[in-house]
Amino acid sequence: MVSGGIYSGKFGELRKLFNALRLRGYRVIAPKLEDGVIRLKEVTSFDEVPYGWEDIQAPGKYSVREGGKHFRHGPDAPKRILYPPRLELFRLRPDWSVEYPKERFPPTALFAIKPCDLASISVMDRVQGGIGDPYYLALRKKLIIIVENCVEPGATCFCSTMGTGPEARDGFDIAYTRLDDNLVVFRPGSDLGVELLSELNIEPATDEVLRKYYDALKNASLKAKAPFELERLPDELELGLNSPVFKEVAERCFGCAGCNMVCPTCFCFDVIDEPELDGGAVRVRVWDGCFSYTYAEVAGGNFRKDLWARYRHWVLHKFAYWVRQFGVFGCVGCGRCITWCPAGIDLRETIKSVVEWVRSRGGG
Amino acid sequence: MMRRKLKVAVFKFASCSGCQLQILNMEDELLTLTDAVEFTYFLEASRATAPGPYDVAFIEGSISTPEQEELVRRVREESRILVAMGACATAGGIQALRNWLRLDDVKRAVYPNPEWVKALEHSKPVAEVVKVDYELRGCPVSKERLLSFIKQVLVGRKPYLRREALCMDCRRKGNVCVMVAKGIPCLGPVVQEGCGAICPTFGRGCYGCFGPSIDARPEALASRLREVGMKDRDVARLFKGFTGWSEKFRKVINELEGGAR
């Protein structure tokens with residue numbers, strides 16, 4: 001009988017878990033290799049999950065290779081599922097009556113997402129959930145989360161610094177860790193998780209397995225570090241408002257807002273009314289981003305006309321204002337904005353340089 | 001709904017007619033559209049024409065001859081809303097490649113009697129000659145944007161079309177960045193959205209037919225492309241393709257090519 005605690009089993013138990021989710025009627029969204037990139041997509045077979053592949057990430061660079069032990073994440077974050085890039089909010093009929101879209105979100109299981117992405121969901125729970133976004137909440141309440149702890153963080157990962165990984169702490173239904181090819185550690189995080197694990201052939205982890213487990217995660221946490229500490233970071237960054245670093249980095253920035261798009265927590269949106277020829281209209285919500293010129297544009301002016309001001313705002317929002325607004329950092333340390341930046345700009349370096357600038361002036 | 005039909009005119013200047021064809025390509029919507037819109041001057045569709053004034057005039061093509069300069073000025077006088085449509089009308093088009101060469105050389109290379117050809121020194125975007133109210137970019141213009149524009153004019157609102165970098169739309173759509181994942185040079189980060197990211201969707205880099213986005217920084221993209229190993233000449237060629245004569249791209253091209261023009 002499974003209750004709380006740590007269990008271990010063979011790799012085949014993961015397949016059983018996957019199939020159990022499908023049998024219960026969940027749409028399973030999991031990492032899936034597509035055209036040389038690990039995506040987050042609906043998968044119908046356990047064999048589609050790219051075990052045996054690994055991704056290689058660096059600022060502005062991404063590739064995969066077969067034969068690796070561990071994959072991390074690709075460009076898609078859970079945001080894409082829970083907070084879709086383009087969402088029809090309602091339709092206005094020609095007689096001006098309003099038609100809301102029918103129930104359109106099937107019960108969904110996120111399978112093998114990473115702890116940073118799990119953390120991004122808890123950030124979204126505070127932001128989108130906190131303001132009561134009905135579209136988000138409709139999806140969220142039907143969500144089950146199976147998270148894969150990260151034994152091998154990638155080169156752009158810094159979850160350890162952000163306190164979001166490499167081990168998932170809470171907010172999941174099941175967390176599992178692949179310790180080697182045929183040894184998987186399972187931890188339930190909810191009643192549903194306990195129920196699902198009860199169907200597997202697993203047993204309480206032995207001391208030896210536990211030791212291996214803790215060693216692996218400790219080792220991983222040493223790797224996923226950024227060159228800064230969180231303590232006092234919000235204050236230090238605000239003292240760095242006038243640091244020349246933002247302008248220097250923004251010289252290399254294209255202002256494409258690609259980082260906004262891949263960021264698992266960036267929530268800015270634009271609402272567009274699209275009139276129809278019959279006299280009706282559709283209202284849609286699309287992802288927008290603070291890097292875009294028009295985002296802070298209002299009648300008569302623009303609050304952040306210069307790209308460096310937009311870049312600075314993004315960094316400060318994630319690492320300072322967000323903390324004051326929502327009680328958490330807006331960054332989960334997934335490193336997507338680094339890997340998927342076509343200019344190869346490394347956020348970690350920016351923060352490090354700003355903090356150094358502040359300290360060199362006796363601030364902080 | 002009884003309302004006066006919108007009087008729309010479509011004029012062709014130096015162009016291939018591909019943008020006008022996009023109007024005729026609205027096969028599913030064309031019949032409904034003509035309930036609300038009257039094409040009073042649209043030679044690609046009908047030789048029957050009616051005189052102005054027009055509510056909306058779509059201008060296809062660049063301004064390449066003195067006659068065209070004269071004609072587009074007259075169209076401007078007759079039109080409430082003037083829309084530059086497509087890469088030629090908004091940025092000079094592919095034919096603006098000649099702007100980097102000597103006009104006489106080009107004429108001689110193409111025509112047996114070059115002295116008969118009266119051309120302007122440059123193939124110019126419409127906005128260099130008359131005031132343009134709206135731009136619909138692309139080679140060809142996007143059918144969806146064109147339709148959206150007309151629908152918005154029909155309901156009487158100020159047309160809103162996003163003008164940010166293509167990257168946003170590309171990534172919203174769920175494309176994987178071709179620069180990052182495949183090392184393919186792409187103009188998407190500095191080119192205006194609106195095409196639906198056609199080229200990156202098929203694994204190609206953006207060729208830039210929509211021209212610079214609202215706050216584009218092509219100089220930053222150019223230095224990144226050079227940093228990852230592209231030659232100055234190749235970077236210049238990439239920017240030159242469709243909308244090279246747009247002010248922002250032209251500046252970068254000229255710097256890369258060593259200050260010619």
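Chain letters run A, B, ... following the sequence lines, proteins first, then strands; residues in each count from 1. The figures here come from the full heavy-atom set of this structure, side chains too, leaving out hydrogens, waters and symmetry mates.
The backbone N or O of B:Lys173 sits nowhere less than 3.5 Å from a side-chain atom of A:Arg86 that would complete a donor-acceptor pair. Side chain of B:Arg217 to main chain of A:Cys253: a donor-acceptor pair is present (N/O by atom type, distance under 3.5 Å, no hydrogens or angles). A:Arg252 contributes no side-chain N or O that, together with a main-chain N or O of B:Leu221, makes up a donor-acceptor pair within less than 3.5 Å.
Contacts of A:Pro84 with chain B are absent, with no heavy-atom separation under 4.5 Å from either backbone or side chain. Both the backbone and the side chain of A:Asp35 come within contact range of chain B, judged by heavy atoms closer than 4.5 Å. Looking at A:Pro342, both its backbone and its side chain come within 4.5 Å of chain B, counting heavy atoms on both sides. Proximity to chain B (any heavy atom under 4.5 Å) is shown, for A:Glu276, by both the backbone and the side chain. For a residue to count as touching a neighbouring chain, one of its non-hydrogen atoms must lie under 4.5 Å from one of that chain's; by this rule B:Leu33 touches chain A with backbone and side chain alike. Heavy atoms closer than 4.5 Å to chain B are found nowhere in A:Val64, neither backbone nor side chain. B:Glu29 touches chain A through backbone and side chain together, each having a heavy atom under 4.5 Å away.
Of the listed residues A:Ser292, A:Ala257, A:Ser63, the one with more heavy-atom pairs under 4.5 angstrom with chain B than any other is A:Ser292. Annotation: maximal heavy-atom pairing with chain A below 4.5 Å, among B:Lys182, B:Gln152, B:Met179, B:Arg162, occurs at B:Arg162. For the set A:Ile272, A:Asp273, A:Val286, A:Asp270, the count of heavy-atom pairs under 4.5 angstrom toward chain B peaks at A:Asp270. Comparing A:Pro75, A:Gly60, A:Ala58, A:Pro59 by heavy-atom pairs within less than 4.5 Å of chain B, the highest count is held by A:Gly60. Here B:Ala181 is the residue among B:Ala181, B:Gly183, B:Cys170 with the most heavy-atom pairs under 4.5 Å with chain A. If you tally non-hydrogen atom pairs under 4.5 Å between each of A:Glu251, A:Glu34, A:Lys61 and chain B, the highest count goes to A:Glu251.
Side-chain polar atoms of B:Glu164 and A:Thr294 form a donor-acceptor pair below 3.5 angstrom.
Distance check: B:Asn175 CG to A:Met261 CE gives 13.5 Å after rounding to the nearest 0.5 Å. One distance of note links CD of B:Glu193 with SG of A:Cys256; it measures 12.0 Å at 0.5 Å rounding. For the atom pair B:Leu187 CG and A:Phe254 CZ, the distance stands at 10.5 Å (nearest 0.5 Å). Atoms CG and CG, on B:Asp28 and A:Leu277 in that order, are 11.5 Å from each other to the nearest 0.5 Å. Atom CG of residue B:Asp35 and atom CG of residue A:Asp278 lie 11.5 Å apart, to the nearest 0.5 angstrom.
Annotation: B:Tyr160, atom OH; neighbour count of heavy atoms from other residues, nucleotides and ligands within 6.0 Å is above 12. Within a 6.0 Å radius of CZ in B:Arg163, no more than 12 heavy atoms belonging to other residues, nucleotides or ligands are found. When the shell of 6.0 Å around CD of B:Glu247 is examined, it contains 12 or fewer heavy atoms from other residues, nucleotides or ligands. When the shell of 6.0 Å around CZ of A:Phe269 is examined, it contains 12 or fewer heavy atoms from other residues, nucleotides or ligands. In B:Arg204, the CZ atom is not crowded: 12 or fewer heavy atoms of neighbouring residues, nucleotides or ligands sit closer than 6.0 Å. The environment of NZ in B:Lys251 is sparse: at most 12 heavy-atom neighbours from other residues, nucleotides or ligands sit within 6.0 Å.
For the pair A:Phe291/B:Met168, no side-chain contact is recorded, criterion being any heavy-atom separation below 4.5 Å from C-beta on. Counting only heavy atoms from C-beta outward, the side chains of A:Tyr62 and B:Val176 never approach each other to under 4.5 Å.
We find that B:Asp215 and A:Lys305 are not joined by a salt bridge, their nearest charged nitrogen and carboxylate oxygen being 4.0 Å or further apart.
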